[in-house]
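Below: the structure, in structure tokens.
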Amino acid sequence: MQMTERGRAMWRTCLASAFRTALACTIVGAATLYGPEWILRYVAFPAFSYVTVILIITDATLGDTLRGCWLALYATCQSVAPAIITLRLIGPARLTAGTTALAAALAAFVVVLPKTHLVAKRIALGQIVLIYVIGYINGAETEPLMHPLRVAASTALGVIACVLALLIPLPRLATCEVKQSCKEIGQNVTTRVKLYMKAFFAEDAISAMASVSQARELSHTSSKRYQTIKRYQPSMKWERLPFKIWRWQNVNDNKGEKLQSMEIALRGMEMALASKSPLPPSLLAGEVKDGIKNMQERVILSIKRVNNTPQPSVTPESDLEKPDECLQTLQEVPETSQDLPFYFFLFCLRLLETISTAKPEENKGSVKSKSWSWISDWNSKKVMPAIKLSLSLGLAIFLGSLYSKPNGYWAGLPVAISFAAGREATFKLANVKAQGTVIGTVYGVMGCFVFQRFLTVRFLSLLPWFLFSSFLSKSRMYGQAGGISAAIGAVLILGRKNFGQPSEFAIDRIVETFIGLSCSIMVELILQPTRAANVAKLELSRSFHALYECASLFGAKPSKTEIMESQKKLRSHLNALKKFTEEAKAEPSFWFSPFNSSCYEKLFKSLCRMADLLQFSGHAIGFLGEQGKGKSPQSKDILSGVEEDLKSLTQSIGVLAKSFEEITLLKSLDALEKALAKNDNSSWDIELGKTPNPSFSSPESEPEKILNKYLQHCGGVAEGMFRAEEEREEVKVDKSEVVLSLSALGFCVEKMGLEAREIEEMVKEVVQSENPSSHVNLHEISCKIRSLYK
């Protein structure tokens with residue numbers, strides 16, 4: 001069977017990652033197994049050297065590794081220096097299981113509380129576990145000064161191995177990764193534009209949908225490339241200094257952002273093609289068709305210029321500034337909704353060209369002053385993760401030491417090196433970590449059994465396991481947590497010697513790991529028992545509030561910055577909604593009602609389309625505003641009438657979003673009825689409520705009626721605007737731009753009405769699933785809420 005390009009890329013990535021990881025572990029193994037005596041005297045914990053390698057080098061570039069050096073140094077200062085003082089004050093001989101757990105928990109709290117990189121926190125926490133627990137195990141034999149320094153030396157060996165592995169045979173640079181991703185995205189966008197144009201000119205719906213399906217698959221590939229750029233852009237800064245003489249830093253950091261800003265136009269083209277409306281034959285005459293194809297070539301050329309691709313025998317500026325003669329035939333706003341997708345597609349094509357040829361904006365972000373006081377760190381969002389981690393770590397060390405004193409630190413290490421500052425799917429991650437640890441440990445035991453007399457061959461058997469772990473890290477089932485656990489589980493057995501019988505060590509480590517993960521789950525459930533389903537519900541309410549704010553701006557004449565910030569806020573909440581929905585989907589229901597994941601996913605898609613439509617409306621109003629500059633006062637008055645039409649719709653959507661925000665915040669309908677009875681407000685009336693609550697699912701306010709009213713008004717708007725300019729001798733209005741913008745607004749009006757209807761039905765389904773024994777009427781519920789808080 002022939003392998004796809006995606007499969008080949010996956011193999012190349014995993015092979016490269018496995019090679020770098022195996023090379024770094026080989027360096028550690030060669031130093032600790034065959035190195036001189038002085039190395040063995042100072043690097044007393046080769047297991048933690050391997051752990052440091054896995055934490056830093058997983059899918060890393062040279063920039064990541066150089067940053068890892070600094071983070072390891074910072075982590076060592078955070079953990080080793082205070083530990084030396086603590087061991088001198090307490091005395092290792094007086095350490096007990098309780099005092100060891102308490103000291104480790106307090107040290108962990110101090111490490112986690114400040115805002116630092118996750119890798120630095122994991123390394124520091126791992127060092128804390130080794131310093132205190134092994135100090136307790138060895139008792140009076142522990143040297144308060146040299147013992148922490150040996151832990152630091154073991155960390156340093158892992159860091160040095162990572163740097164060497166990333167330099168041999170050739171350095172893997174984040175700059176090259178970002179540059180290659182930008183190049184692939186440029187090719188991806190160009191191919192999608194061609195596919196959309198092919199679908200646009202297709203003579204039958206089947207071939208058109210086939211092209212759209214191909215483009216949709218390419219969009220998934222493009223989104224992964226954007227994630228690669230986002231992943232490696234911070235690492236580019238660490239590569240600029242050593243490679244400055246090679247001028248690697250000339251890669252434009254904002255290139256990926258500009259390419260990503262084109263996605264909105266591409267989504268609009270797909271939205272127009274997916275409307276399944278036949279194209280008007282009268283509008284696709286020979287000259288018009290040739291002119292649109294010329295627009296396509298100009299757009300593709302401008303996309304290639306974004307990636308600095310040289311284009312010989314092309315006049316740079318004249319092609320981009322040449323007026324579109326094919327669009328000059330568009331002199332009238334369509335009277336029916338069937339023709340709107342044609343105009344909207346051309347509007348998105350023009351928008352794509354505008355974005356691709358726009359000059360990059362300078363980043364003038366204000367420099368935020370850093371507070372040197374820890375008072376700013378004392379808030380619930382930062383303190384709660386520190387409290388949870390310190391309690392989990394302390395409890396794991398205490399119980400692990402009670403179970404097996406010589407192996408007690410294996411209960412604390414999984415908690416330390418898997419720390420995450422944000423919210424996680426607790427049960428899912430604990431499951432994949434446990435499975436990864438078990439399969440990695442079993443592989444290590446099998447390798448020791450087969451190659452028990454050949455230490456070198458036993459060590460080389462790690463290479464295929466690292467390759468397998470790389471595939472696990474990129475899989476949806478295990479993810480990075482499971483892949484890292486599997487790699488560590490194998491290397492801790494195959495990469496060391498003189499640690500006892502492998503089978504006994506494997507059993508002890510599996511049990512200790514289970515103790516540590518169980519402590520994490522127990523503390524999570526005690527301190528933060530909120531289900532992921534409830535967090536997703538709260539984020540859905542916040543998304544509706546952000547939609548309300550975004551829609552309300554259309555009636556306030558905001559600045560461009562305010563619109564961008566509002567849309568950015570809405571996108572941020574939608575991304576969080578997607579994350580929490582996936583987390584709630586992976587969470588077991590236990591005795592709670594099942595999470596309606598399909599409904600939340602549909603709501604997410606509808607809200608994303610609504611956000612896109614609001615953004616298109618903003619662009620269309622911006623183009624109309626450009627046409628209104630310097631024109632007659634009469635033209636400006638006519639254009640303001642269009643804004644009023646859009647304002648009436650967006651206000652209705654905003655009121656609806658505000659109503660849904662209140663409804664989704666309800667704990668249950670029974671709780672609402674009890675609150676009404678408690679406030680002696682049981683005699684509510686459906687007409688109560690100061691603000692009307694529109695319903696896009698009711699017959700009297702169908703989206704088609706809203707659209708027809710808008711199109712009738714638009715016809716008069718365009719006619720009056722053109723007549724007003726013809727009476728003046730000054731420069732005329734670009735009629736095609738006005739027609740395209742007005743038609744695009746009409747398309748957005750139609751689709752926003754349909755999406756509002758879809759969202760209303762989905763919200764009703766969500767409320768019904770949460771209250772299966774109640775009759776759900778959203779308008780009635782909204783009136784009850786308003787009567788309760790009036």
Side-chain angles (χ1 to χ4, degrees), residues 32 37-52 75-111 123-157 390-417 492-493 496-502 504-516 519:
T32 55
E37 185 65 28
W38 65 270
I39 290 182
L40 300 179
R41 188 167 58 251
Y42 288 104
V43 183
F45 307 101
F48 194 70
S49 300
Y50 290 122
V51 170
T52 304
T76 302
C77 294
Q78 269 191 314
S79 60
V80 172
I84 293 174
I85 299 173
T86 303
L87 289 178
R88 281 190 175 276
L89 291 176
I90 298 177
R94 291 198 293 268
L95 286 175
T96 62
T99 55
T100 301
L102 180 61
L106 293 176
F109 181 83
V110 174
V111 166
I123 293 175
L125 292 172
Q127 290 174 337
I128 287 170
V129 172
L130 290 180
I131 291 172
Y132 289 103
V133 180
I134 294 185
Y136 162 62
I137 294 172
N138 294 334
E141 297 178 1
T142 303
E143 302 177 54
L145 177 62
M146 291 307 299
H147 171 57
L149 292 180
R150 290 190 181 101
V151 174
S154 302
T155 306
L157 178 60
S390 59
L391 289 178
S392 301
L393 189 64
L395 188 60
I397 290 173
F398 179 74
L399 295 179
S401 299
L402 290 181
Y403 172 76
S404 174
K405 181 178 178 180
N407 296 297
Y409 56 92
W410 292 117
L413 272 179
V415 178
I417 64 178
L492 290 180
I493 294 180
R496 297 191 302 155
K497 63 180 180 179
N498 301 327
F499 57 89
Q501 287 294 325
E504 294 179 4
F505 171 77
I507 294 173
D508 288 339
R509 184 166 184 271
I510 289 173
V511 174
E512 295 284 358
T513 300
F514 177 78
I515 291 173
C519 292

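Residue numbers count from 1 along this sequence. All heavy atoms count here, side chains included; hydrogens, waters and symmetry mates do not.
Here the closest heavy-atom approach between residue Ala81 and residue Cys77 is recorded as CB-O, 3.6 Å. When all heavy atoms of His147 and Gly135 are compared, the closest pair comes out as NE2-N, 3.7 Å. Here the closest non-hydrogen pair linking Gly126 and Ala416 is N-CB, 3.8 Å. Nearest heavy atoms, Thr76 versus Gln127: OG1-NE2, 3.2 Å. Pro82 approaches Ser79 most closely through the heavy-atom pair CD-O, 3.5 Å. When all heavy atoms are compared, the tightest approach of Val43 to Ala153 is CG2-O, 4.2 Å.
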| said: Go through it in stages, so that I can follow the logic: the residues are Glu143 and Arg150, the test is side chain to side chain contact (heavy atoms under 4.5 Å, CB included), and I'd like the CA-CA distance, side-chain angles, deciding distance and then a yes or no. | reply: CA-CA 10 Å; Glu143 302 177 54; Arg150 290 190 181 101; 3.5 Å; yes
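Residues forming a side chain to side chain contact (heavy atoms under 4.5 Å, CB included) with Phe398 (at least two apart in sequence, or on another chain): Ala97, Ala101, Leu402. In this view, Thr100 and Leu95, Tyr132, Val133, Tyr136, Ile397 satisfy the side chain to side chain contact (heavy atoms under 4.5 Å, CB included) rule, not counting sequence neighbours.
Between the CD1 atom of Ile39 and the CG atom of Leu157 there is a distance of 7.5 Å, given to the nearest 0.5 Å. Distance check: Ile128 CD1 to Leu413 CG gives 11.5 Å after rounding to the nearest 0.5 Å. Atom SG of Cys519 sits about 9.5 Å away from atom CG of Leu393, to the nearest 0.5 Å. Taken from OG1 in Thr513 to CG in Asn407, the straight-line distance is 10.5 Å, to the nearest 0.5 Å.
Looking at heavy atoms from C-beta onward, Tyr403 lies in side-chain contact with Val511 at the 4.5 angstrom threshold. You'll find the side chain of Tyr409 reaches within 4.5 Å of the side chain of Ile137, heavy atoms only.
Under the side chain to side chain contact (heavy atoms under 4.5 Å, CB included) rule, Phe45 has a single partner from Thr155, Thr52, Ile134, which is Ile134.
The main-chain N or O of Pro46 is never found under 3.5 Å from a side-chain atom of Thr32 such that the two would form a donor-acceptor pair. Remark: side-chain polar atoms of Arg88 are not paired, donor with acceptor, to backbone N or O of Ile84 under 3.5 angstrom. Without hydrogens or angle criteria, Ser404 side chain to Gly400 main chain gives no donor-acceptor distance under 3.5 Å.
Between the side chains of Thr99 and Thr96, a donor-acceptor pair is found at a separation under 3.5 Å.
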